[in-house]
A.B. asks: 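This is the structure I have questions about; it appears just below.
As the structure is a computational prediction, the values presented were derived from the model and not from experiment.
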Amino acid sequence: MKVEEKEVKTIGEGVGFERIRRITGYLVGTVDRFNNGKRAEEHDRVKHGTEEIIEKAA
């Protein structure tokens with residue numbers, strides 16, 4: 001008796017994803033259309049990452 005293998009599919013597999021960020025109150029993918037003031041505001045913000053959290057947990 002032969003056992004059939006089931007094909008496992010992951011939800012969202014093969015779907016393109018663009019990074020979306022909330023910057024200065026707007027949901028954006030890029031800052032291409034920001035003026036110099038908005039670009040400077042984004043640049044001056046503190047960037048938070050998960051790398052430090054992962055390193056502390058290890």
A.B. asks: Apply side-chain hydrogen bond (donor to acceptor under 3.5 Å, both in side chains) to D44 and list each qualifying residue two or more places apart in sequence or on a separate chain.
C.D. replies: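 side-chain hydrogen bond (donor to acceptor under 3.5 Å, both in side chains) check on D44 returns nothing, list empty.
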A.B. asks: Heavy-atom count around N36 CG within 6.0 Å, excluding the residue itself: above 12?
C.D. replies: no
A.B. asks: Using a 3.5 Å distance criterion without hydrogens, assess whether the side chain of R39 forms a donor-acceptor pair with backbone atoms of D32.
C.D. replies: yes
A.B. asks: Taking the hydrophobic residues Ile, Leu, Val, Met, Phe, Trp and Tyr, and joining any pair whose side-chain heavy atoms are under 4.5 Å apart, which ones share a cluster with L27?
C.D. replies: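 Traced through the cluster, L27 reaches I20.
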